[in-house]
Each structure stands twice: as C-alpha cells, then as structure tokens.
Number of protein chains: 4
Amino acid sequence: MSQKHASRRSTSISRIAEIRRQDLIEAAINCIAKVGYGDVTVQTICHAAGVSRGLIGHYFKGKDELLLEAVRQVTTELGNATKLAAQDAGDNPTAKLHALIDASFSPPGFTAEKVAVWTALASNAHWSPELALLYKELWRDYRYAVAHLVERAAQESTREVNPERVALTFSTLIEGLWIGWLADPESVTREAAKEACRDYLDAVLRS
Amino acid sequence: MSQKHASRRSTSISRIAEIRRQDLIEAAINCIAKVGYGDVTVQTICHAAGVSRGLIGHYFKGKDELLLEAVRQVTTELGNATKLAAQDAGDNPTAKLHALIDASFSPPGFTAEKVAVWTALASNAHWSPELALLYKELWRDYRYAVAHLVERAAQESTREVNPERVALTFSTLIEGLWIGWLADPESVTREAAKEACRDYLDAVLRS
Amino acid sequence: MSQKHASRRSTSISRIAEIRRQDLIEAAINCIAKVGYGDVTVQTICHAAGVSRGLIGHYFKGKDELLLEAVRQVTTELGNATKLAAQDAGDNPTAKLHALIDASFSPPGFTAEKVAVWTALASNAHWSPELALLYKELWRDYRYAVAHLVERAAQESTREVNPERVALTFSTLIEGLWIGWLADPESVTREAAKEACRDYLDAVLRS
Amino acid sequence: MSQKHASRRSTSISRIAEIRRQDLIEAAINCIAKVGYGDVTVQTICHAAGVSRGLIGHYFKGKDELLLEAVRQVTTELGNATKLAAQDAGDNPTAKLHALIDASFSPPGFTAEKVAVWTALASNAHWSPELALLYKELWRDYRYAVAHLVERAAQESTREVNPERVALTFSTLIEGLWIGWLADPESVTREAAKEACRDYLDAVLRS
DNA sequence: AATGAATGAGTCTTCATTCAT
DNA sequence: AATGAATGAAGACTCATTCAT
C-alpha cells in the first residue's frame, strides 16, 4: 500500500514534470514560429507557457537546451508523420513516394510551426554543432529510405536513375519548398509545392 | 585649377566615405558568414572592418540598416554573376539554363559568404518586412527569366512543360541546395548540387 | 490557515515590489537633488538605491517613467503638506493663506530635494508633454483653491482684489522663491522668502 | 601700405572669427529654446549654425563654454534692454519701475529664446559654479538698482517699505512669471504677467 | 514545484572631442 | 579656416541566469 502510494506520488510528480516540460517545449515551438528563432526569449516562452520566467531552470539546463529540445520534438513529429504516411500508402514504392509528398505539405506534418522550426534548424546548423548533428542524421536516414524507394520504383521504369542523387534532390526540393513557403507563401502555395515535387518525381521515374 | 582641386578633394572625401561604407558592408557579410546572422554584433563588424564601434553611426542609421545593405549587396552580386553567366552562354536557352546551374555553384556567385547571407535572407524574411520584400522581388525576377528560358527550351522538346512551375522548382532546388550545402557540406557537394540540377533539367526537358 | 499563509506571502511579495519601487523613486529624487535633473543616470539612481542597474527594468518601463514617477511623488507630497497646513490653520482664510506660506518654506513640504525636483518640473515642462500636463494640473488646482481663499479674505478688506490674479501672483512668487533659493540660497533665505510672501499678501489684502 | 594690408587682413580674419563665434552663439541660443538646455547637442548647434560639427573646437573650448557664452549673451541683452527701458522712462522712480515691468514682458528683452535661456540659467545654477556665479551677479546688480528705485519711490508714499525685500520680491516675481510662462503659456500671458507685477508694485507703494 | 526578485554581462546607440587634410 | 572622419567613453536597455522563499 505504502509502496503503491509512493510510486503513485512519484509518478504523479514526474508526470507533472513531464507536463511542464512539454508545455515549455510547445511554448518554445510556438514562439519560434511567432517571433522567429533569433528573437525568442525566455520571457516570451515562459509567458506563452503560462509559467514564471525562472521555471525554465527547473526543467532545462538553459534556454539553448529548451530550444534544442523543441527542434528535436518537431523533427521527431515530422519524421513520424512522414513514416506513417509511407506506411499507409501500401507496398508500391511510387505510391509511397507520392504519399511522402502529400505528407510533406499537409498537416499534421506540415504546419507553420513545424516549418518555422525546421527552417531554424536548417539555417542555423552551420553555426551550431548540436543542430548540425541533428540535421545530418535526420536527412541521412530520410535520404536512405527515399533512395531505397526510388531504387524500387525505378525498376519498373526503363530509365536509369541514381537513387542517392534523386533522394538528395527530392529531400532538398522539399526543404527548399518549405523554406520558400515560409519566406513567401504567395509564391509557394501548398498545391504548387506538391505539384512541383510530383513533376520532379514523374520526370525522373517515367520511362 | 581651383575647381579641379575642389572637385578632386570632394571626390576623395566622398570616396573615403564610400570606401568606409563598403568596408563595413563587407565586414558585415564576412561576420554573417562567420558567426551567423543572429549572432552578428556591431562590435564584431567594426572589429572585422578595423574601425571603432562608433563609426557605424556615421555611415548607417544603425545595425539593421547595415545588415540590410549587406544582404542587398550580396544579392546584387549574386544576380550579376547569374546574369553574366547567362549572357556568356550564347543564345541557346538550354545552354543558358545549364550556365545558370554552373554559376549557381561556382565562384564568384557561389561562395560561403554569399550562401550564408542568402540563407539569412531566406530564413528571416518571414519576420522582416524588408527582407521579405527583397526576397520576393529577387525570386520573382529570377523566376520570370527562367520561365522564359524554359519556355524556349521546351519548344525543342516534345514534352509539355509548365514553365512557371519549372522555374519555381528550379529556383527552389537551387536555394535548397545552397542551404543544404551550408548546413551539411559533406552531403551536398558542389558537384552533387550541379548534377542534381542538371538531372532535374534533363528529366524535365528531354523528349 | 493556508489562506492566511497565502495571503501573507502574496502580501509580502507585493510589499517587496512596492518597497523596491519606493526605494528607486526616493533614490531618483535624491539623485535629482544631488546631480541635477539633466545629469541623473540609471547608474546613479540604482547605486543610490543600493540595487543593480538592471533592476530598474523590473519596476519601471525605463528611466523616463521612473523620473516622472519621482516628480509625481514629490508634487503629491508637496500638495499634501500644503493641504494639511491649510486644514490645521482653522477657518480664517487669511490665516490659511499665511499657513500656506509657512508650509511652502518649511519642512516637510519645503526641502532641498523637493525644491530641486519642482525646479526640474517647472523648467522642463516646456519640452515634455508629460511634465507639462502635470505642472498645469497642479497649479490649476492650487490657484483655484488660493483664489477662493483670497476671495473670502478680501471680504474682510475694503480693497478690491482680483482673486485669480492674486492667486497667480501668489503661486508664481512662491515658485520663483523656490527656484531662486535653489539657485542662490544666500540671497533667498527661508525667512526672507516667507516675509516676501507675507509682505505681498498684507499689501494686497490690507484695507 | 603693407602694414595696412596686414592689419586689414587680420581685422577681416578676426571679423570672420567673430562672426562665426556669434553664429554659433546664436545657434546655441536657438537650440536651447528649441530642444531644451539638457537636450542640446553639438551637432544640433552646428547644424543650426550651418557649419560642420568640428568647427566648435576652433572657437570654443568645448560645448560647455559655448553654452555658457550663449547664456552670458542672453543675460547681457536682457540687462541692456532693461537698462534702456529704465533710462527712457525719465526720472520718476515709479515710472522707471513700471518701465522695467513693461520691458520684462515685451520684446526685445522678452522673447521665447531669452526666457528659455534664463530658465536654463536659473534651474541649473545650483549644479554649475559658472552659472551660479553669473546668476548671482546678475540679480545682485539688478536688485541693487531696483532697491534704489523703490527707496526713492517710497519717499512719495506714506507707507514704510523695505527696499531690499521689495527688490527681491519684485525680481523673483518677474523670474517666476518668466518660468511660469515658459512652462504654461496659457496660464501666464504677457498681459497677466505685467498686471501681476503692477498690482504688486501698486499694493506695496500706495499710501 | 514554482515564483519573481535580483544580478551583471552584453548590445546598440549617442555624442563630445580630436585630428588629418 | 573649415571639414568630417574617427574615436571611445558613457548612456539606456535587454536578457539569460541564479537564488532565496
């Protein structure tokens, strides 16, 4: 009984802690999207999270760690949404690739917040070892999977393709469209982005 | 004689002013590339330019104006390099497009400094009206020209292409490769970037 | 019990905030008196208050707001001292006017700090909308009350007086004596100031 | 001949110098009136004078000296205007005193610029030895003269007056009205100021 | 666990002054 | 004589972090 109590209390405590962490992370994500990665402040985040300024120190080493965590979470969610979309697309590799395109420019993977955070990740990786590492690993895995799909899809085609290069182009195009959409949403609408990706894929894979 | 003297003196004075402005702009560009757009400080820039901190106020309204000017200069130089490359490529539209690709990933258009500044421009446009305006105008003009080239190039092909969409994809791919190269130079080498662009162009334009 | 605790804590917290605000305001007042309104710095004030420079931002929007608050407090205290003196003087309007004179050149209404701050108020109102507004309202109310007293006092006299004009002269004379005392204390002693005011009042009100 | 030339040249040079000094002094006066004593900058003054920033060093030790010179000039002009008015008023001491009142609130003695500068003088004397000295001497002489006039005027009256005290009150009232007019021109019009002074004088001197 | 008071380093900006031309 | 380029000190303000409660 007392054990149960203790464990229950500890669970509830850590649960609260986890909730607070999550609150702060989400607040950080929203703030990045709202004011830009470079203009996010601890005060901004804590205000958005509805907690006091000092609380950040209880759950994170500092502002940088919180921001890194926020980026990590966004990228994880993006990855999950992508994987899920691919899984739901059945066995056909071409269909899977098209599902990736769809998922890349549709919620929940594609949202203003996620794109803003991703843009922050991509554009700051060069000066931040942590972000750089995260960035490289994410694309490496993604490109590996895409290359595999392209390879399979290309077998149906008579054309000769370089799967790695196509994967690089494909992923870069998606990232470019994200960043372009953020900077100038009028020129890069979601539909236009999808069509651009589809066009590319069709051109590369058609016989 | 005295007129000549006066004019000579006034010229040399304004020349000094122009030189200092240029020094500061170049220092700003180098600083952006060195420490990142968000971490550039007045001190950093002035130290890089070899002048005192207060001098920035003599030639610019403030830090923001200097940074904007730096971005403007880089984009102008990039645009010039691009136009020059296209001009030198002769009349063939396809050749011109390939020249654009080459120029986009070769000095002097393509340098670490320029890519860093462009990345700053693209990733901050969403939160800065000035940068947003600059960004939109640059790509609008670029895409207009590329679309025209694509249209002409496509006439030789039997395929049906949407010049505007191709121009969007083309420009986005280049920008994505720039940003990707900055974030992870190992994955996106210059050659790989060029080949990715060429691949795309060939795939789209081939009959 | 827990409510009492909570309320006590919240009280003590807000009390600290109020104390700090008051500390800073008083330090500001002392600094104005010590170095002059134009030479007061944030550093000066915070040093005088025994706190760090950054603290000013916690309790005030900035230096200007703190200075305005300091002026406001001094004028309020001056007004209170004046009203209290008038109240204590009984019903006789002439006695009340003489009480005003006494209070105007005796502590706690009349101190070096208060006079310095008032001088700052009067001499800067022309270029500061906030100070101008404060200044006008203070004198308007004061003159209104004095005019009323003069009117009543004049009924005992056979002379004809213009209460508003007397009130203006009276208040201006007091202010002039304050400023004159600050600039040259040897020429305008407290006693001389009082006698000057009494002289004026007697001359105007005597039959 | 050559001597004449040299002397003429030196004269014309020093005349230019004198003109420049005067330009700067007048510009300083205008700036004090325009932006306030505390907000005057070297740049402001030199711009108003139509000369370059560095020129101030050629004619004055620094900003402080120029400002002091500006104050000195204004007070001199004020004194001259006052003396002239008294002289023009004939021999009657009462008439002279009324002439002083008139001159105190009429151009050229009374202008916005002069009042602004005088207010700066009075309100800063406490923290500036130079201004304090100037201030004291000016009023000392003025009060001495006024006391003399009051003494003579009082001989016509049956009342007993303290000339020094009246002179103090008189001068303080004028100063107070100047400062009050600057701070709140609506409450202290020129006419009201004159009438206040006349009222006081009449009340004190009437039998 | 949570607050917010407090700090102090860091940033931009202003400005009087100096000096080479 | 005059300019304006250049400096560097000093100012106000922001902000991440620490810590007592």
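Keep in mind the model is a prediction, meaning the values are calculated, not measured.
Remark: R53(C) pairs with no residue by the side-chain hydrogen bond (donor to acceptor under 3.5 Å, both in side chains) rule, at least two apart or across chains. Looking at residues two or more places apart in sequence or on another chain, you find a salt bridge (Lys or Arg N to Asp or Glu O under 4.0 Å) between R72(D) and E69(D). Judged as a side-chain hydrogen bond (donor to acceptor under 3.5 Å, both in side chains), and not counting sequence neighbours, the contacts of K114(D) are E77(D). For T44(D), the side-chain hydrogen bond (donor to acceptor under 3.5 Å, both in side chains) partners two or more places apart in sequence, or in a different chain, are T41(D). Take Y135(D) and apply the side-chain hydrogen bond (donor to acceptor under 3.5 Å, both in side chains) test, not counting sequence neighbours, and it matches W139(D), E175(D).
Going from atom CD of E18(B) over to atom C1' of dA5(F) covers 14 Å, rounded to whole Å. The distance from atom CG of L24(B) to atom C1' of dA6(F) is 12 Å, rounded to the nearest whole Å. If you measure from atom CG of D23(D) to atom C1' of dA1(F), you get 14 Å, rounded to the nearest angstrom. R53(B) places its CZ atom 11 Å from the C1' atom of dT7(F), with the value rounded to the nearest Å. Between the P atom of dA6(F) and the CD1 atom of I16(B) lies a distance of 6 Å, rounded to the nearest Å. Rounded to an integer number of Å, the gap from CG of L55(C) to P of dG4(E) is 15 Å.
Residues from residues 56-70 of chain A lying near DNA chain E, meaning a heavy-atom separation below 4.0 Å, are H58(A), Y59(A) in numerical order. Residues from residues 25-47 of chain D placing a heavy atom under 4.0 Å of any atom in DNA chain E, listed by number, are V40(D), T41(D), V42(D).
No side-chain heavy atom of F60(A) sits under 4.5 Å from any side-chain heavy atom of L67(A).
A donor-acceptor pair is defined here as one N or O able to donate and one able to accept, closer than 3.5 Å; no such pair exists between the side chain of W118(D) and the backbone of T75(D).
Dense packing is recorded around CD of E113(A), with more than 12 heavy atoms of other residues, nucleotides or ligands lying under 6.0 Å away. A 6.0 Å sphere centred on NZ of K34(A) holds no more than 12 heavy atoms belonging to other residues, nucleotides or ligands.
A distance of 9.0 Å separates OG of S123(B) from OH of Y37(B), quoted to the nearest 0.5 Å.
Where DNA chain E pairs in unbroken runs of 3 or more (Watson-Crick or G-U, both distances under 3.5 Å), the stems are E:2-21 with F:2-21.
In this structure, R20(D) reaches the sugar-phosphate backbone alone: every heavy-atom distance under 4.0 Å involves primed, P, OP1 or OP2 atoms, never a base.
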For residues 22-33 of chain C, run the donor-acceptor check on the side chains, cut-off 3.5 Å, and write out each pair with its distance to 0.1 Å, sequence neighbours left out.
| from | atom 1 | to | atom 2 | distance (Å) |
| --- | --- | --- | --- | --- |
| Q22(C) | NE2 | E26(C) | OE2 | 3.2 |
| Q22(C) | NE2 | Q73(C) | OE1 | 3.2 |
| D23(C) | OD2 | R20(C) | NH1 | 2.9 |
| N30(C) | ND2 | E26(C) | O | 3.2 |

